[in-house]
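Read through the structure below, which is laid out as structure tokens, and then see the notes.
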There are 2 protein chains.
Amino acid sequence: MNKPDTASDRPEPPTASRKEQQAIVARDRIVRAVIDCLDEHGYAETSINRIQEHAGISRGALTHHFPSKEELMVVTAERLLQPTLVPPRKGSRHFDTAEQRISAVEADIVWMWERLVDTREGRALLEILVATRTDVALKGRISETFVRWNRAINDSLAANYLLHGLAEDEQRELWTMCRVFLRGLNTQSQFEPDHHARSALVRSFARMIATRFV
Amino acid sequence: MNKPDTASDRPEPPTASRKEQQAIVARDRIVRAVIDCLDEHGYAETSINRIQEHAGISRGALTHHFPSKEELMVVTAERLLQPTLVPPRKGSRHFDTAEQRISAVEADIVWMWERLVDTREGRALLEILVATRTDVALKGRISETFVRWNRAINDSLAANYLLHGLAEDEQRELWTMCRVFLRGLNTQSQFEPDHHARSALVRSFARMIATRFV
DNA sequence: CTAGACAAACAGAACGTTCGTTCTGTATCT
DNA sequence: AGATACAGAACGAACGTTCTGTTTGTCTAG
């Protein structure tokens, strides 16, 4: 119990013995299965049985790596928040004209939608988010992670755009609006089944937000 | 099975016999219990047992009125979409100045958040929406209802604001953005637990949207 | 270098609980 | 009388957890 903190998910910190690597691979397979199941069947129907079958792993192996379902969801949530959630910088971020800056922001918002939100991972995260709202045990385990992530992502995004004309608070607010909107759009498919219509909505929204970046 | 279509939820169409009223009251109690359970415990934990206990009704009575859980969710979803989801008209909707119009739209968006989305009913609807995404049986029963509601609500909102300077398509798009944003905000509490911060975000968003109503 | 103790990885049976549904029976209104 | 409202027991299936084995690397004493 004197290990660093949580179990390591990254391939090799110092060295990884064969047994450790084996465990890492298994844990990875399981977490991926959880993400797939959440996306395909939703939180309510993501049972241990289903995860086990989808991961192609025995019941014993699953319970060995994750003693409880709660543990499974906590680790999955952390995994889903792990990737860099900031659009990649393409060249310099110093823009000469306002129109250049607007286009860049617009493209980044569309990128967020296509690469982060409207994906297996994005939908899986939504399932966990909604479930966490009412599951007090789960909330106690990961709510702090969510709050910290929220602060970190706002800082990263603000740092990504060097604007002197717009207060940092306002920038953070605009990016928060983006995330909220895109998350809401993940549930809009019930009302608007046409995928193109939703994409068009993203573009309109992106343009509206982008023009606020003076 | 030759009844109109679905069971009636409205109090009295022509006359209501004592037995009919009794049934209506029971059904209403049950649907309210479902809404409360969805809000408090989420979709996954809204079991028949819990609903029955919360409604203060026997198991037999529950299964008598709603033979299956799916039926229960369908009726609840229809109930949640039933109320007028358009802000009440306050006086005339003909505005002299642009600033008046902006203020009116802004106030209406805040009204939607406070009275429709950030409520028991709003959260319950979100639970059903998310569950419906992956539950094919449920989807088959209510997806058409969602689509029709979406069209109807856009028409109502557009009709509520007599604008000649803005194309109707653009108005519908703006209102859709509002609904998507507010729905997404219902899941934002995990990232931003401070209720005041979220309210402030609504006001900022409302102002941004309102200024688009030229 | 290797024998062997030990812990970790894995397999699967068994646990009690809860799920949603079905069934039989009783009271009440039409 | 007959249908409807209600009550509650009983059902098998599925849930998440706990348990007992078996295999397989790892580490150390000799």
Side-chain angles (χ1 to χ4, degrees), chain A residues 1-3 7-9 12 14-31 33-34 37-38 41-76 131 135-138 141, chain B residues 1-3 7-8 14-31 33-34 37-38 41-76 131 135-138 141:
Chain A
M1 297 302 165
N2 278 337
K3 282 196 199 170
S8 59
D9 279 329
E12 307 119 309
T15 57
S17 72
R18 189 159 166 194
K19 207 139 211 187
E20 283 172 325
Q21 275 204 345
Q22 208 172 343
I24 290 168
V25 168
R27 287 173 66 91
D28 193 71
R29 276 170 66 93
I30 294 168
V31 172
V34 174
C37 287
L38 285 173
H41 308 287
Y43 188 85
E45 299 295 324
T46 296
S47 65
I48 303 280
N49 269 326
R50 209 190 279 273
I51 295 165
Q52 167 211 331
E53 283 172 24
H54 195 284
I57 245 172
S58 77
R59 192 60 166 272
L62 182 57
T63 59
H64 170 71
H65 290 289
F66 302 96
S68 73
K69 194 182 178 182
E70 185 186 309
E71 195 65 29
L72 206 39
M73 289 300 161
V74 170
V75 173
T76 303
D135 189 322
V136 285
L138 204 53
R141 293 287 307 273
Chain B
M1 297 299 167
N2 278 337
K3 282 200 203 165
S8 60
T15 56
S17 72
R18 188 161 165 192
K19 206 138 214 188
E20 282 172 326
Q21 276 205 344
Q22 209 173 343
I24 290 168
V25 169
R27 287 173 66 92
D28 193 71
R29 275 169 67 93
I30 294 168
V31 171
V34 174
C37 287
L38 284 173
H41 307 288
Y43 188 86
E45 299 296 323
T46 296
S47 65
I48 302 279
N49 269 326
R50 208 190 278 272
I51 294 166
Q52 166 211 331
E53 282 172 24
H54 195 285
I57 247 173
S58 78
R59 192 61 165 272
L62 183 57
T63 60
H64 170 70
H65 290 289
F66 301 96
S68 74
K69 195 182 178 183
E70 185 186 309
E71 194 65 29
L72 206 39
M73 288 301 161
V74 170
V75 173
T76 303
D135 189 324
V136 285
L138 204 54
R141 292 286 307 275

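In what follows, every chain begins at residue 1, and chains take the letters A, B, ... in the order their sequences are listed. The model shown is predicted, which means the values in this text are computed figures rather than measured ones.
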How many whole angstroms separate atom [atom1] of [X] from atom [atom2] of [N]?
X: Gln21(B); N: dA5(D); atom1: CD; atom2: C1'; value: 15 Å
X: Glu71(A); N: dG16(D); atom1: CD; atom2: C1'; value: 15 Å
X: Arg50(A); N: dC15(D); atom1: CZ; atom2: C1'; value: 12 Å
X: Ile24(B); N: dA5(D); atom1: CD1; atom2: P; value: 10 Å
X: Leu62(A); N: dA13(C); atom1: CG; atom2: P; value: 16 Å
X: Ile51(A); N: dC15(D); atom1: CD1; atom2: P; value: 10 Å
X: Glu70(A); N: dC15(D); atom1: CD; atom2: P; value: 19 Å
X: Glu45(B); N: dG20(C); atom1: CD; atom2: C1'; value: 15 Å

- [ ] Identify whether any heavy atom of Thr63(B) sits under 4.0 Å from a base atom; if not, whether one sits that close to sugar-phosphate; answer base, sugar-phosphate or nothing.
- [x]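 Base, at least one base atom sits under 4.0 Å.
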- [ ] Mind checking Arg18(A) for me? I need base, sugar-phosphate or nothing, with any heavy atom below 4.0 Å counting as a touch.
- [x]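 Since only primed, P, OP1 and OP2 atoms lie under 4.0 Å of Arg18(A), the category is sugar-phosphate.
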Has [X] got a side-chain N or O lying under 4.0 Å from the OP1 or OP2 atom of [N]?
X: Ser47(B); N: dC19(C); answer: yes
X: His65(B); N: dC6(D); answer: yes
X: Gln22(A); N: dC10(C); answer: yes
X: His64(A); N: dC10(C); answer: no
X: Asn49(B); N: dC19(C); answer: yes

Task: The single option from Val31(A), Val34(A), Leu38(A) passing side chain to side chain contact (heavy atoms under 4.5 Å, CB included) against Ile51(A) - done: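 Output: one option passes, namely Val34(A).
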Open item on the list: Heavy atoms from C-beta onward define the side chain here; which of dC10(C), dA9(C), dA5(D) lies closest to that of Ala23(A)?
Closed with: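 For Ala23(A), the side-chain atoms sit closest to dA9(C).
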- [ ] Could you work out which one of dG20(C), dG12(C), dT30(C) sits closest to the side chain of Ile48(B)?
- [x]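 Side chain of Ile48(B) sits closest to dG20(C).
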Open item on the list: Rounded at 0.5 Å granularity, tell me how far OG1 in Thr63(A) sits from CD1 in Ile48(A).
Closed with: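 Answer rounded to 0.5 Å: 8.5 Å.
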Open item on the list: Would you compute the distance between atom CD of Glu53(A) and atom OG of Ser47(A) and round it to the nearest 0.5 angstrom?
Closed with: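 Answer rounded to 0.5 Å: 7.5 Å.
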TODO: Identify the two heavy atoms, one from Lys69(B) and one from Tyr43(B), that lie closest to each other, and give their separation to 0.1 Å.
DONE: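 Smallest heavy-atom distance, with atoms named: NZ-O, 4.4 Å.
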TODO: Over all heavy atoms of both residues, which pair between Glu45(B) and Arg50(B) is shortest? Give the atoms and the distance, please.
DONE: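 Looking at all heavy atoms of both residues, the shortest contact is O-NE, 2.8 Å.
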- [ ] Using heavy atoms to find the nearest nucleotide of DNA chain D for Gly60(B) and Lys19(B) separately, return the residue whose nucleotide is more 5′.
- [x]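 Closest to the 5' end, via its nearest nucleotide, is Lys19(B).
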Open item on the list: Just so I know, are the side chains of His65(B) and Glu71(B) near enough to count as touching, which here means a heavy-atom distance under 4.5 Å?
Closed with: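 In short, these two side chains do not touch, never coming nearer than 4.5 Å.
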Open item on the list: Is it the case that dT17(D) (base atoms only) and Lys69(A) (side chain only) share a donor and an acceptor within less than 3.5 Å, ignoring hydrogens and angles?
Closed with: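 For Lys69(A), whose side chain was compared with the base of dT17(D), there is no donor-acceptor pair (under 3.5 Å).
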- [ ] Look at the side chain of Arg59(A) and the base of dT18(D), then say whether one donor and one acceptor between them are separated by less than 3.5 Å.
- [x]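 No, no donor-acceptor pair under 3.5 Å.
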Task: Residue met sooner reading DNA chain C from 5', once Thr46(B) and Gly56(A) are mapped to nucleotides - done: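 Final value for this comparison: Gly56(A).
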